[in-house]
Amino acid sequence: QVKIVASGGASVQTGGSLTLSCTVAGFFFDNYAMAWFRQSPGNEREGVACISRTGVTSDYTGSVKGRFTVSRENVNDILYLKMNSLKPEDTAIYYCAADLRPDYCSGSKWLRTDAKYWGQGTQVTVSS
């Protein structure tokens with residue numbers, strides 16, 4: 001049974017930092033590209049970051065470039081999202097997703113197509 005669980009969400013002030021984690025079970029983590037998405041009330045789901053199976057390639061949506069860093073530990077089946085310089089507009093539920101396509105993070109495919117597996121989210125709230 002596939003299980004993907006995000007954790008690490010919290011309430012922080014503007015300018016603060018958080019690191020989200022995503023643990024998985026039920027599939028071979030090393031074979032999947034992984035991505036972070038977020039959704040705030042009244043808004044559509046938005047792609048945040050994507051990382052290839054090996055971790056060599058990553059991609060970010062423009063609003064988080066330079067502030068967020070996606071990484072992964074294949075030996076432990078964990079995905080991370082390090083978030084710095086947080087802004088109120090970063091407030092959302094953050095989800096992680098997995099996809100088997102080797103080019104999932106390329107050419108903005110991860111922003112245009114649906115991932116194979118989705119996990120439970122974690123709430124991030126940034127106050128001004």
Exercise for the section: Scan residues 13-35 for pairs that pass ring pair (Phe, Tyr, Trp, His ring centres under 6.0 Å), counting only residues two or more places apart or in two chains. Expected result: Phe27-Tyr32, Phe27-Tyr117, Tyr32-Tyr117

Handout entry: Path from Val5 to Val24 over hydrophobic side-chain contacts below 4.5 Å
Key = no

Practice task
Determine whether Val124 and Arg38 make a side-chain contact, defined as any pair of heavy atoms from C-beta on separated by less than 4.5 Å.
Solution key: no

Exercise for the section: Under the side chain to side chain contact (heavy atoms under 4.5 Å, CB included) rule, collect the residues that match up with Gln123, sequence neighbours excluded. Expected result: Thr91, Ile93, Thr125

Exercise for the section: Look only at the side chain of Trp118 and the backbone of Ile4, and say whether a donor-acceptor pair between them is shorter than 3.5 Å. Expected result: no

Exercise for the section: Check whether any side-chain heavy atom of Cys22 sits under 4.5 Å from a side-chain heavy atom of Tyr94, and report yes or no. Expected result: no

Problem - Minimum heavy-atom distance between Asn74 and Arg53, given as atom pair plus value - result: ND2-O, 2.9 Å

Fill in the blank from the handout: For Thr122 and Gly9 the tightest heavy-atom approach is OG1-N, 2.9 Å

Exercise for the section: Please check if the side chain of Tyr60 supplies one atom and the backbone of Val70 the other of a donor-acceptor pair under 3.5 Å. Expected result: yes

Practice task
List in chain and number order the residues that pass side chain to side chain contact (heavy atoms under 4.5 Å, CB included) with Lys82, two or more places apart in sequence or in another chain; answer none if no residue qualifies.
Solution key: Ser17, Thr19, Thr69, Asn84

Exercise for the section: Check side chain to side chain contact (heavy atoms under 4.5 Å, CB included) between Leu86 and all other residues, then give those that pass, not counting sequence neighbours. Expected result: Val12, Leu18, Phe68, Met83, Asp90, Val126

Handout entry: Glu46 and Ser63, any side-chain heavy atoms less than 4.5 Å apart
Key = yes

Practice task
Give a yes or no on whether the backbone of Ser127 and the side-chain of Thr14 come within a donor-acceptor separation of less than 3.5 Å.
Solution key: yes

Problem - Exceeds 12 heavy-atom contacts within 6.0 angstrom, atom CD of Gln39 - result: yes

Problem - Partners meeting salt bridge (charged side-chain N to carboxylate O under 4.0 Å, His left out) with Glu73 (sequence neighbours left out) - result: none

Exercise for the section: Rounded to the nearest 0.5 Å, what's the gap from CD on Glu89 to OG on Ser128? Could you check? Expected result: 10.0 Å

Exercise for the section: Determine, stepwise, if the pair Leu79 / Leu20 fulfils side-chain contact (heavy atoms from CB on, under 4.5 Å). Expected result: CA-CA 8 Å; Leu79 175 72; Leu20 305 182; over 6 Å; no

Problem - Arg67 side chain vs Ser85 backbone, donor-acceptor pair below 3.5 Å - result: yes

Please tabulate, for the side chains in residues 96-107, all donor-acceptor contacts under 3.5 angstrom to protein atoms that are two or more places apart in sequence or on a different chain.
unit_1, atom_1, unit_2, atom_2, d
Asp99, OD1, Arg101, NH2, 3.1
Asp99, OD1, Lys116, N, 3.1
Asp99, OD2, Arg101, N, 3.0
Asp99, OD2, Arg101, NE, 2.7
Arg101, NH1, Thr113, OG1, 3.3
Arg101, NH2, Thr113, OG1, 3.0
Arg101, NH2, Asp114, O, 3.2
Asp103, OD1, Lys109, NZ, 3.2
Asp103, OD2, Lys109, NZ, 2.7

Problem - Between CD1 on residue Ile78 and CE on residue Met34, distance to nearest 0.5 Å - result: 11.0 Å

Handout entry: Non-hydrogen atoms of Trp36 and Ala6 that approach each other most closely
Key = CZ3-CB, 4.0 Å

